[in-house]
Amino acid sequence: MFKNYLKIALRNLQKQKLYSLINIAGLAVGLAVCMMIMLYVTHEMTYDRFHTNAKRIYKLQASVKIGGNTMNMNYMSYASGPLVKQSQPGVEGYMRTLDYFKPVVVSNPLTPETKFKEDKLIFADPAFFNFFTFKLKEGSANDVLNKPFSVVLSQDMAKKYFGDTDPIGKTIKLKTDSVYTYQVTGVAENTPSNSSVDYNFVASANSLLAMKEAANYTGEQRIASGSFNLFLLLKSQSDTLGIRNGLQRMADKEKDDFKTFYNLSSLTSLHLSNNFGDFSNLKYLKIFPLVAVLILLLALVNYMSLTTARATLRAKEVGVRKVSGASRKTIAAQFYVESGLFTLISFSLGYALCYAFKPWFLNILQLKIDNSFLYSPTVLLLLFGLLLLTALISGIYPSVVLSSFKPVITLKGKTSKQSGGTAVRKVFTTLQFSIAVGLIICGVVIDRQLYYLRHADTGLDRENVVMIPVSNSIGKNYPAFNKDVQALAGISNVATSHYAMYGGHDMYFMEGKTKEESVGLAALSVDDKFIPTLGLKWKYAPVAGKQLANANSIVINETAIKELHLPANPVGSFINTGNGKLEVAGVVKNFNFSSMETTIGSLGLFIKPDTTQVWGQEGCNLFARVKPHTNMPSVINAIQAIYKKYDQDTPFSYSFMDEAFDKQYKAEDRLASIFSTFTYITILLATLGLFGLAAFTIEQRTKEIGIRKVLGASMTTITTLLSTDFLKLIVLSVIVASPIAWYAMHNWLQNFAYRIAVPWWVFVLAGAMALITAVVTISYHAIKAALANPVNSLRSE
Amino acid sequence: MIKITNLEKFYRTEEVETIALNKLSMHVDTGEFVAIMGPSGCGKSTLLNILGMLDDPDEGSYVFNGIEVAQFNERKRADLRKHNIGFVFQSFNLIDELTVFENVELPLIYTGVSAAERVKRVEEVLDKMQIMHRRNHYPQQLSGGQQQRVAIARAVVNKPKLILADEPTGNLDSSNGNDVMELLTDLNEQGTTIIMVTHSEHDARYSHRIIRLLDGQTVMENIMV
């Protein structure tokens, strides 16, 4: 019986090539999108689950409340580890890791020319490879990190610095606060792509104690915030509350002027709850599954709609089968087998598509997914589930419709009257176009908002500014470097800032109206050329002749006047810092110093002379404004040549301020490009569905068209007649989709402090696009039908 | 074999109710060959559909082989049908995507006959219908007469007790039509009960008895000699 079903399914597939192609291609594209998103979401959801003890590992975090401000502290002090273990019986073990905060220069002393800037250096307690489940390829987990200045390399790094030779026992130089020589004690597997602990180099934590900057890490002797990730291995998962309360009781006894609260986050939840750094992925994680379901639904609806439309042609077969003894159940089973076959073909094709487009997709998301993850049991199981679900859903409607055909009617050739759910197909088409129109609207709004963010006047001229990070290795040479760059022909201005623009700021707490109220003030350390170089405008200029570069004065922005409760023109008044006073030297007009997702907060500029030694000692950023119409590469080459003269240790790098500004929206950018792709796919699917449906509906009306032509209808009237029915549905979809899309976009825009209003014309645009697509699609069939000779169509009846 | 009493069937649309069968009573004995005649719209086809359990009556009783089937649901009717009744249609109703062999094999698949037994029985009946040489052809490749022979082969392959034929010669020329009537007569002589709807007095003469219908009622019965 099964063989018979399969046989007839295959023969139908061959006979109806166009419909089979539309059906299979549509479903394959939908499935490919679904698989890709499934892969991505699964990857995100399985972070850190590969550790043997994953369920018992928790990370200790603190939040500190000072005045009205709460700050989340992701890191704990070095001393916290042993102190927590001693005081809390529920803690079995602890692991401290320090993610070295900036890239370090690494070199192999045997081949000094292999010298690169590397990131992902972590310092960890000796038990690192026992605590976490990272496999050591060489070395023993019990002793690789026991001695100070021992380091374990990832496989990639071992290959990079030692090639095919065995690195064990050899040395490698890492430059942190200064250059130290480490002995290589092990090689570990590269961290899986779904690990939040990520390393290229794992160095022994006790090395830090021997460094010049040791006091930065180990100064604090209490349980307190600090620089280390503190992971705790609990005796049992249920101990979290007890431990937190225990720590809280200890904290409450401390007599600080701030209050500390503790929080334990499970390792497995860390990735998704992490609000530090780039949490843009969370945005996708919410939107993408929805999009995946919509696109798959669209493809399935296509399939069901076309299959049932074609069913009229199968009606006779159903009738014959029924009089030959088939029951409704066996007919339903037959069409399930057919749907299963189509699904299987589409699934295989979809898998191939997914595989082919995966690199592109991951590239847009800026994401890495190990190949081994693709073949992990979880993923395979999910794929199999998707296959089953698709086959199940795609088969339901055709089976129900087709098996309900009454042989009495179908065998008399009156099939068109029971072609099955014309109304349902209308709903399907409307649904498809609603999704397409909705996505078009969202895509255009996202695009407009991004354009707005990029081109809005932020009160700062960021065009043509090169930012060159300078590390402490330049030392006392910085003023000379600064002067030489300024002297270049293509440079109009240079300025110095501790942080790169949009690269962060310090946070100070100033006294407000009362001693208890503290007001957060973002602060940038800059030189006196910063304001003119970036084109900042004065709201209240400093008193003429006043030296701005003065440790006792500060320049603030407009917001700070209000927040610090200063007089309307505060120049000359003082801000109480809690342990001193700062004179307000001037007020600049507000400018956006961070992302436009937030409003402009209070800002203070601490101005230091460009000649001070501090810049070179701490590292800073040189901002060079390039004159318009200058050859950019030659200017950068010239700057690089100067840089090399003053600093041979740290490799030269640079960035453009406008690009740094744009980069803040890279999450939105990626969202936009993925969104437009999804929109195209949706339009494609909806069009495919409409194409197939129009072909079929018009085919069914051949006789009617013939009669109308015989009676004198023109081609135009027939084309209009045939198109109108469909176009009504498209108009309906625009009406359905617009309010939903408006609501979704209105909410999305609330994420931005600076935003556009949803423009009215996007609805018109999306509607027009849908209508034009539909007209073109339908016209092909409509015109073909209108041009046909009525003699042929009438004779065939 | 068949006994129907006061059978009624209505067709309703929004405005009109049409009576297709009006308190119709009749019976057919095992081994009979009965022709049903009457003008268009007299209820012939409706009657045949009900007899074939493709449709159910609104009122009245239908006893098939001693079983009351008027109130059977679709599943039960399908089950009874596949073991007892074969159909022959005016428009042949072969499945275009299946070969001659596969078309004839279809009823055997639904009654769960084993593959080896199916081959044997299909070949036997194709042989009898003299269509064996066309076994791997598709319906479109056959003449009308050949297609109807395939359809009859399909109707009898399950060895049904009753064959219902709805104008079996309507789409055929007279020579092919006569061949088909001869085939049906042969089957009847071998013991199969046949009920045939026809417009043709010529064809009706092959039967034992003609039932004439008008407006859903029996108006006359002719016993053929």
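Because the structure is a prediction, the values reported are computed rather than measured. By convention in this document, chain letters (A, B, ...) are assigned in the order of the sequence lines, proteins followed by strands, and residues within each chain are numbered from 1.
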Worksheet item: Please, which pairs that meet salt bridge (charged side-chain N to carboxylate O under 4.0 Å, His left out) have at least one residue in residues 32-54 of chain B, sequence neighbours excluded?
Response: B/E32-B/R209
Item to complete: State, yes or no, whether a side-chain contact exists between B/F89 and A/V320 at a heavy-atom distance under 4.5 Å.
Response: no
Worksheet, complete the sentence: Nearest heavy-atom contact between A/S324 and B/R154 is OG-CD, 4.1 Å
Worksheet item: Does OH belonging to B/Y11 count more than 12 external heavy atoms closer than 6.0 Å?
Response: yes
Item to complete: Taking heavy atoms only and a threshold strictly under 4.5 Å, list by residue number the residues of residues 95-109 of chain B that touch chain A; give 'none' if the list is empty.
Response: B/I95, B/D96, B/E97, B/L98, B/T99, B/E102, B/L106, B/P107, B/I109
Worksheet, complete the sentence: Nearest heavy-atom approach of A/A326 to B/A78 is O-CB, 4.2 Å
Worksheet item: Considering heavy atoms only, which positions within residues 115-153 of chain B lie below 4.5 Å of chain A?
Response: B/Y138
Worksheet entry | Contacting moiety of A/K3, where chain B heavy atoms sit under 4.5 Å | neither
Worksheet item: Given a strict heavy-atom distance threshold of 4.5 Å, which part of B/R81 is in contact with chain A: side chain, backbone, both, or neither?
Response: side chain
Worksheet item: Pick from A/K322, A/K329, A/R328, A/Q14: which one has the most heavy-atom pairs with chain B under 4.5 Å?
Response: A/K322
Worksheet item: Do other residues, nucleotides or ligands put more than 12 heavy atoms under 6.0 Å from the CZ atom of B/F10?
Response: yes
Worksheet item: Can you pull the ring pair (Phe, Tyr, Trp, His ring centres under 6.0 Å) pairs that have at least one residue in residues 319-343 of chain A, sequence neighbours excluded?
Response: A/Y303-A/F342
Worksheet item: So with a 6.0 Å cut-off around NZ of B/K23, is the heavy-atom count from everything else above 12?
Response: no
Discussion item. Using 0.5 Å steps for rounding, measure from the OH atom of B/Y110 to the CG atom of A/N4.
Written reply: 6.5 Å
